[in-house]
Visitor: 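Below: one structure in C-alpha cells.
Here the structure is a predicted model, which is why all the values come from computation and not from measurement.
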Amino acid sequence: MLKIRKRDEPWKWGALVVFLGALLFSLLVGGLILAGHGKDALHALDLLWQGSFGNAWALEGALLKAIPLFLCSLGVAVAFRMQIWNIGAEGQFALGAIGATWMALTFPDLPRYVLLPLMFIMAFVFGGVWAFIPALLKLKLRVNEIISTLMLNYIAILLLDFLVFDAWKDPASFGFPMTPEFTPGAVIPSIGNSGIHWGLFFCVVVGFGLWGFMRFTRLGFELKASGEGARVAKYAKIRYGMLVLFVMTLSGGFAGWAGCIETSAVLGRLQGSLMVGYGYTAIVVAWLARLEPLNIAFASFLLAALRVGVENMQLELQIPAAFGSILEGMILLTVLAGQFFLTYTLERRQGGE
Amino acid sequence: MTELHFTRPVPVRAVPEGTRPVVSLKGITKRFGKVLANDSISLDVYPGRIKALLGENGAGKSTMMSMLAGRYKPDEGTIEIDGQSVRFTSSKDAIAAGIGMVYQNFMLVDSMTVAENVLLGQEGSLFINPAEMEKRVGELARRYSLDIDPGARIADLSMGERQLVEILKLLYRESRILIFDEPTAVLTPEETGNLFKALWNMTEQGKSIIFISHKLEEVIALADEIAILRRGRIEGELDPSLIESKAELASRMVGKEVLLEVNREPVETGRTVLEIKSLTGLGLVDVDLTVKRGEIVALVGVAGNGQKPLVEAVTGLTRPPVDTVFIMGHPWRKFFAESTWNRSMCYIPEDRLGLATLRNQNLVDNLLLTTRKGFAKGLWLDKKRAARDTRELIEKFDIRPGRIHALAWQLSGGNLQKTVLARELYRQPRFIVAEQPTQGLDVSATEEVWNRLLEARSMAGVLLVTGDLNEALQLADRIAVIYRGQILGVLDTADADTPSKIGPLMAGVID
Ligand SMILES: Nc1ncnc2c1ncn2[C@@H]1O[C@H](COP(=O)(O)OP(=O)(O)OP(=O)(O)O)[C@@H](O)[C@H]1O
Ligand SMILES: [Mg+2]
C-alpha cells in the first residue's frame with residue numbers, strides 16, 4: 001500500500017521532474033481529448049511537434065512569440081516576488097504599444113537610432129504609469145491590486161480601440177482599424193537575414209540585467225527581503241511603500257517594452273490584432289518558472305512553441321482555437337498540482353501495523 | 001532566584017522492578033544534508049515517569065522528538081512501542097500509537113471554546129451537542145486535575161491555559177506518552193507551577209512524560225530521570241537526586257564549567273537614549289520611562305499587559321502619539337526619518353522567525369537584512385565582505401551548524417537567536433531593545449547573551465523586556481513593572497526588598 005508522507009528535506013531535481021511530468025501528462029490528456037473527437041491523436045501530436053520544433057521556420061515562429069511573453073512574464077515575476085499580484089500585464093502591454101506608437105507617429109522622420117530609443121522610453125513610461133496607478137491606489141486607499149490591475153486591462157484595450165478606430169486611424173486603410181504603417185526608422189530590424197529581430201537581443205540584456213539587479217544591488221536585496229512580508233520589511237526599515245511603487249513601475253515598464261517590440265518589429269503599426277493575451281499567458285509562465293528569470297526564458301519559449309504548434313494543428317485538423325488555451329491551462333494546473341510532490345512523497349508502507 | 005511554585009510530592013520515583021519501557025529508541029540516526037542531527041541514539045521511556053531531555057542549542061532534542069512524534073523519519077534505527085517495532089509515516093500514526101506532542105506554537109482555533117477545540121477533528125464529534133462536549137472535556141480535566149473551564153473561548157485564555165487545552169487534546173486522544181518541547185518558555189512562574197502539578201498527576205495515572213527544557217532548576221525539581229544530549233549523541237543519563245547543584249548539571253550538559261552567574265559591575269550612566277513621556281493610547285496608560293546609556297532597564301509583567309504595544313511604538317513598528325516617545329534625544333518621527341544603520345537603535349524581537357529573520361534565506365542575507373547599508377557600495381552590495389563577516393560572526397558566537405548557506409528556518413531555536421543577536425550587536429547600537437533575549441537558549445548561550453548585554457552598556461542603554469524575573473534581577477539596574485498598560489512602579493535592583501515587591505505589582509496589587 002502507498003502512503004503519503006512529508007519530505008524531511010526538499011527534493012533537489014523535483015521542480016524539473018514535476019514540470020516535465022506535468023507536460024507529458026497534459027499532452028497525453030490533450031491527445032485523449034482529440035481522440036475523443038475522432039481525430040488521430042498520434043498524428044495530431046506529431047503535427048504539434050512539427051509545428052513547434054519540427055523545422056527552422058517553426059522554431060523561428062516560437063522564438064518570435066517568446067519575446068513579448070518573456071518580457072511580460074519577467075515583469076509579472078518581479079511583482080509577484082514581492083507578493084504584489086499584478087495581473088495587469090495585458091493592459092500595460094497595450095499602453096506600452098500606445099506609447100511607442102505615439103512616438104513613431106509624431107516623429108516619423110527621425111533617424112532610427114533616435115526614434116527607437118524614444119519609443120522604448122515612452123513604452124516604459126506608459127506601461128509603468130499604468131502599473132503605478134494601482135500601486136498608488138493600493139498604498140493610499142488600500143485598493144486590492146488584483147482588482148485594479150484587472151480593471152485597467154479593460155480600460156487599456158478600450159483606449160487602444162479608440163486610437164485605432166478613431167484618433168490615429170490611417171485614412172488610407174480603407175476603413176480598417178489600424179494606424180498608418182511605421183516609417184523604417186520606427187521598425188526594429190531583423191538580425192541578419194533571419195526572421196528574428198533584434199528584440200531578442202534586448203530580451204537577453206534585460207534578463208541578465210534583472211538577474212544581476214536582484215542579486216547584486218541593495219535595492220534588489222530589499223525587494224527579495226520584502227517578499228517575506230510587509231512586517232519584516234518594516235522591521236528592517238525597508239521603505240516598503242516606495243518599493244511597491246518601484247516594483248510595479250518596473251513590472252509595467254517591462255510589459256510596455258513587450259508591447260513596443262511587438263508593435264514595432266512584428267506588426268509595423270498599431271492595430272487590434274496586437275492583443276492576443278500575452279499578458280495573461282505571462283502569468284502562467286511566471287508561475288511555471290517559479291519566478292526565476294532563467295526558468296522564465298525557457299517557459300516562455302515552451303509556451304510560445306506550444307502556441308505555434310497548436311496553430312499548426314488547428315490549420316491541419318480543423319480543431320477549435322480553444323484547444324490551445326485548454327492545453328495551456330492544463331499544463332499550469334498539473335504543474336501546480338504536481339508541486340505537491342515537492343513537499344510530499346509517496347512510499348510503500350512496510351512491516352509494522 | 002525565581003521561586004519555582006512547585007515541589008515534588010514524593011522524591012524521585014524508582015523504576016518498579018520488572019517494568020518494561022513503553023518506548024525504546026534503538027540506534028536512531030538522523031541527518032539533514034551534511035548535518036548529523038542525531039547520532040545513533042538509544043533511549044528508554046518508562047510508564048509513570050517524567051524524563052527530562054537536556055542539551056545545548058542544536059544538540060538535536062527537537063529533531064529526536066519530532067521523529068518520535070512521526071514528523072520526521074529516522075535514517076537509521078528503530079522505534080519500539082511496547083516492545084513492537086513501529087514505523088510512523090505521519091503524526092497521525094504516532095497519535096494512534098499513543099504518542100502526542102505539545103508544540104511551542106499552539107494549534108488552537110481562537111474563536112472556538114476549549115471543549116470544541118479538544119474535540120475538533122475527532123470522529124463523530126460533529127454530532128455532539130455543546131453541553132455534552134463540555135461535560136466530557138470537563139470530566140477529563142477533573143480526572144487529571146487540570147484547572148480549566150471547558151466552555152471558555154480560546155481567545156480569552158492566557159498562554160498557560162492554552163497549553164492546558166493542548167494537553168487536554170492529547171489526553172482525549174488517549175496519548176500515553178506526552179512530549180513537551182520547552183513548554184515553560186511562555187509561562188509565568190505560577191503557570192509553570194500549575195503545569196508541573198498537572199504533569200505530575202498525569203504520571204501518577206500511568207502516563208509517561210518527556211520534557212525538554214533549558215531551565216535547569218525546573219529539570220531538577222520535576223524530572224525522575226535526566227538524559228543529556230550533546231551534539232546529537234546521548235551523553236549520559238542522570239538521577240536528579242544525585243545532582244548537587246545547577247552548576248554541576250550545567251557543566252555535565254555543556255562539557256565544561258559553567259558559572260550560571262554574571263558579574264554586574266555598575267557602569268557610569270550617560271546620555272538619555274529613550275524617554276517616554278506620559279504616553280497614553282495604543283493600549284497604554286500614562287507611561288513614563290527613561291533609559292540612559294550605561295544602564296539596563298527591565299520591563300516585566302505578565303504577558304499581554306502592554307509590553308507589546310510599548311515595544312512596537314519604541315521600535316517604530318507602530319506610530320505613537322506626537323511628543324510622547326523620544327529616542328536618543330530626537331522626537332520619534334525625526335529619529336526614524338534620519339536613523340542610520342549603525343550606532344543607533346537596534347531591536348531584538350521575540351518573534352525570531354517571523355520578524356527578525358528571512359526564513360527562506362541564508363545567513364548572509366540574514367546578516368544583510370538590517371546591516372545592508374553598511375555593505376552598500378553605491379547601488380551595489382558587497383556580498384563578499386558580507387559573507388566574510390557572516391563567517392566571522394558564526395565563529396565568534398558559535399552558531400551551529402557553522403555554514404553560511406544554512407537557511408534561517410533550518411536553525412534550531414537557540415542558534416537562530418544567536419544569529420539575530422550577533423547581527424544586531426554588529427551594528428554597534430547605542431540603544432538596544434531586547435525582547436525575551438534568552439527565551440529558548442541553553443545555559444551557556446544564556447550566559448553569553450547576558451554578558452554581551454552587560455558589555456553593551458559601555459556604549460548603549462538597554463530596554464530589556466522579559467518574562468523571566470531572574471533575568472531581570474540579574475541584569476537590570478531598574479525594573480519597571482507593567483500591568484494593564486500602566487507602569488505601576490519602577491524598582492531599583494540594588495534595594496534588598498525589590499524581589500519581593502515585583503510579584504504583587506505584576507498582579508496589580510499596590511499597597
Ligand atoms: N529541517 C532541517 N534542515 C536542516 N537542518 C536541520 C533541520 N532541523 C534541524 N536541523 C539542524 O539539526 C541540528 C539539531 O537541531 P534541533 O532543532 O533538533 O536542536 P535542539 O536540540 O532542539 O536545539 P534548541 O535547544 O536550540 O531548540 C541543528 O544543527 C539544526 O540546525
Ligand atoms: Mg528545539
Visitor: Could you grab the distance from atom NZ of A:K224 to atom CG of B:L358, nearest 0.5 Å is fine?
Guide: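 Rounded to the nearest 0.5 Å, the NZ-CG separation comes to 8.0 Å.
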Visitor: Is a side-chain N or O of A:Y235 found less than 3.5 angstrom from the main chain of B:Y347, in a donor-acceptor match?
Guide: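 Side chain of A:Y235 to backbone of B:Y347: a pair is present.
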Visitor: At a 4.5 Å cut-off on heavy atoms, which part of B:R31 comes close to chain A: side chain, backbone, both, or neither?
Guide: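 B:R31 touches chain A through backbone heavy atoms alone.
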Visitor: Tell me which of these, B:G33, B:A376, B:G70, B:A97, has more heavy-atom pairs under 4.5 Å with chain A than the rest.
Guide: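 Greatest number of close heavy-atom pairs with chain A: B:G33.
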Visitor: Could you grab the distance from atom CZ of B:R372 to atom OG1 of A:T217, nearest 0.5 Å is fine?
Guide: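 One gets 11.5 Å once the value is rounded to the nearest 0.5 Å.
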Visitor: Using a cut-off of 6.0 Å, state whether more than 12 heavy atoms not belonging to A:Q83 lie near its atom CD.
Guide: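 Above 12, so yes.
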Visitor: So which of B:T315, B:T318, B:L355, B:L317 actually passes side chain to side chain contact (heavy atoms under 4.5 Å, CB included) with A:K234?
Guide: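 In the set B:T315, B:T318, B:L355, B:L317, the residue that makes a side chain to side chain contact (heavy atoms under 4.5 Å, CB included) with A:K234 is B:L317.
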Visitor: For A:E228, is there an ion pair with B:R359 - N to carboxylate O distance below 4.0 angstrom?
Guide: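 No salt bridge links B:R359 with A:E228.
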Visitor: Would you mind checking which part of B:K73 comes under 4.5 Å of any heavy atom in chain A, side chain (CB onward), backbone (N, CA, C, O), both or neither?
Guide: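 The answer is both parts of B:K73.
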Visitor: Heavy-atom distances under 4.5 Å only: say whether B:D365 touches chain A with side chain, backbone, both or neither.
Guide: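 Contact with chain A is through both the backbone and side chain of B:D365.
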Visitor: Is it true that atom CZ of A:F208 has more than 12 heavy atoms of other residues, nucleotides or ligands lying nearer than 6.0 Å?
Guide: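 It does not: A:F208 CZ has 12 such atoms or fewer within range.
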Visitor: If we ignore hydrogens and angles and just use 3.5 Å, is the side chain of A:K237 paired with the main-chain N or O of B:S339 as donor and acceptor?
Guide: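 Answer holds: no.
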Visitor: Between atom CG of B:L379 and atom CG of A:L219, what is the distance when rounded to the nearest 0.5 Å?
Guide: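 Interatomic distance, B:L379 CG to A:L219 CG, rounded to 0.5 Å: 8.0 Å.
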Visitor: Can you tell if the side chain of A:V232 reaches within under 4.5 Å of the side chain of B:L369, non-hydrogen atoms only?
Guide: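 A:V232 vs B:L369: side chains touch.
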Visitor: Please determine, among B:G316, B:P349, B:S90, B:G354, the option with the most heavy-atom pairs under 4.5 Å with chain A.
Guide: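 Highest number of heavy-atom pairs under 4.5 Å: B:P349.
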Visitor: Return yes when atom CZ of A:F298 has more than 12 non-hydrogen atoms of other residues, nucleotides or ligands closer than 6.0 Å, and no otherwise.
Guide: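 It does not: A:F298 CZ has 12 such atoms or fewer within range.
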Visitor: Of the backbone (N, CA, C, O) and the side chain (C-beta and beyond), which part of B:E312 lies under 4.5 Å from a heavy atom of chain A, both, or neither?
Guide: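 Only the side chain of B:E312 comes within 4.5 Å of chain A.
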Visitor: Considering only heavy atoms, which portion of B:F375 lies under 4.5 Å from any heavy atom of chain A: side chain, backbone, both, or neither?
Guide: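 B:F375 has no heavy atom closer than 4.5 Å to chain A.
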Visitor: Is it the case that atom NZ in B:K383 sees more than 12 heavy atoms from other parts of the structure closer than 6.0 Å?
Guide: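 Yes.
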Visitor: Are there over 12 heavy-atom neighbours, none belonging to B:R319, within less than 6.0 Å of that residue's CZ?
Guide: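 No, the 6.0 Å shell around CZ holds no more than 12 heavy atoms from other groups.
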Visitor: Decide if atom CZ of A:R239 counts as having more than 12 heavy atoms of other residues, nucleotides or ligands within a radius under 6.0 Å.
Guide: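 Result for CZ/A:R239: open.
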Visitor: Is it true that atom CZ of B:F335 has more than 12 heavy atoms of other residues, nucleotides or ligands lying nearer than 6.0 Å?
Guide: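 Atom CZ in B:F335 is packed in, count exceeds 12.
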Visitor: So for B:N360, is it side chain, backbone, both, or neither that comes closer than 4.5 Å to the heavy atoms of chain A?
Guide: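 Its backbone and side chain both get close to chain A.
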Visitor: Once you round to the nearest 0.5 Å, how far does CZ of A:F216 lie from NZ of B:K377?
Guide: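 Here the rounded value is 12.0 Å.
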